[in-house]
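Shown next, in structure tokens, is the structure this report addresses.
Sequence positions, counted from 1, serve as the residue numbers for this chain.
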Amino acid sequence: MTGCSGSGGSGGDAQAVPEAATGSLEQLAAQVKCKPNMQTDADELRQAICKNPEGKFILVTFATDRGQREWINGAKDYGGHYLVGRKWVAVGETGTVTALRKKLGGDIEEGTDHSAHTGSHEGHEGSAEPSAGATHSGH
């Protein structure tokens, strides 16, 4: 009899994504072998820059699920690739977040791609109404 067996063994999918990791920023960083360079250490969120063999990324942990979702929703306006776990997010290049996902689990979310409208923002000046993009400068 040939075919797949559902029982034990090492015949599992090598690309299987683990269950999303949990823990402090330092614990998550240790799981992906990076020493976090802390940028923000506040009650509601902690953010660090990390670098490991997979690449450079930002690791953020949150006190609440709501705070995490609000942060992601705001950050996505700037584009990017987000690996999202329970009360944590890793932000980096596609290859980096894909590699991190193999160790940390989580779901990959994509930010808004602004490349479709690369024209200048001329014509918004002098308008009586602010443009929708007027508040996200500093790209």
Side-chain angles (χ1 to χ4, degrees):
M1 185 171 168
T2 60
C4 296
S5 170
S7 61
S10 61
D13 182 359
Q15 298 299 316
V17 176
E19 186 174 327
T22 58
S24 70
L25 190 143
E26 289 82 2
Q27 290 167 330
L28 294 168
Q31 288 185 43
V32 294
K33 298 179 176 32
C34 98
K35 183 178 180 196
N37 177 1
M38 198 63 66
Q39 303 295 304
T40 303
D41 192 355
D43 290 340
E44 64 277 2
L45 71 84
R46 301 179 74 218
Q47 177 175 314
I49 296 173
C50 286
K51 188 174 182 182
N52 68 8
E54 283 80 31
K56 187 174 178 180
F57 58 97
I58 296 171
L59 187 59
V60 189
T61 57
F62 302 87
T64 66
D65 293 321
R66 179 179 176 179
Q68 176 187 23
R69 184 43 54 193
E70 289 173 353
W71 185 92
I72 292 169
N73 290 345
K76 279 185 167 183
D77 286 343
Y78 298 96
H81 309 280
Y82 302 83
L83 179 61
V84 181
R86 175 101 162 82
K87 294 186 184 173
W88 60 264
V89 176
V91 186
E93 296 296 324
T94 304
T96 304
V97 296
T98 301
L100 292 172
R101 187 173 186 234
K102 293 175 186 174
K103 296 175 184 169
L104 295 176
D107 298 310
I108 294 177
E109 296 185 24
E110 299 292 325
T112 304
D113 181 1
H114 291 285
S115 64
H117 56 273
T118 57
S120 72
H121 286 260
E122 291 180 69
H124 292 302
E125 292 182 59
S127 172
E129 296 179 36
S131 74
T135 60
H136 79 258
S137 63
H139 285 12

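Scanning all heavy atoms of the two residues, the minimum distance from I108 to L83 falls at CG1-CD1, 4.0 Å. Here the shortest heavy-atom pairing between Q68 and K87 reads OE1-N, 3.2 Å. Nearest heavy-atom pair, K76 versus E110, reported as atom, atom and distance to 0.1 Å: CE-O, 3.6 Å. The two residues M38 and T40 have their closest heavy-atom pair at SD-O, 3.6 Å. Minimum heavy-atom separation, G92 to V97: N-CG1, 3.6 Å. Considering every non-hydrogen atom in both D43 and A63, the closest pair reads O-CB, 3.5 Å.
Interatomic distance, N52 CG to K103 NZ, rounded to the nearest 0.5 Å: 6.0 Å. Atom NZ of K33 sits about 13.5 Å away from atom SG of C50, to the nearest 0.5 Å. Residue E54 holds its CD atom at 10.0 Å from SG of C34, rounded to the nearest 0.5 Å. To the nearest 0.5 angstrom, K56 atom NZ is 8.0 Å from I58 atom CD1. Distance check: D107 CG to R101 CZ gives 6.0 Å after rounding to the nearest 0.5 Å. Distance check, rounded to the nearest 0.5 Å: CD of E19 to CG of L104 gives 12.5 Å.
Hydrophobic clustering, with ILVMFWY side chains joined whenever heavy atoms are under 4.5 angstrom apart, keeps L59 apart from L45. A single hydrophobic cluster is seen to contain both V84 and V60, as judged by linkage of ILVMFWY side chains at heavy-atom distances under 4.5 Å, directly or through other members.
Taking a 6.0 Å sphere around CD of E93, one finds it holds 12 or fewer heavy atoms contributed by other residues, nucleotides or ligands.
When each of I49, V91, T96 is checked for a side-chain contact (heavy atoms from CB on, under 4.5 Å) with F57, only T96 meets the rule.
A 4.5 Å side-chain heavy-atom check between D65 and R86 finds at least one atom pair inside the cut-off. Side-chain contact check for W88 versus Q27: every heavy-atom pair is 4.5 Å or farther apart. Contact of the L25 side chain with the D41 side chain is not registered, since no non-hydrogen atoms from C-beta on lie closer than 4.5 Å.
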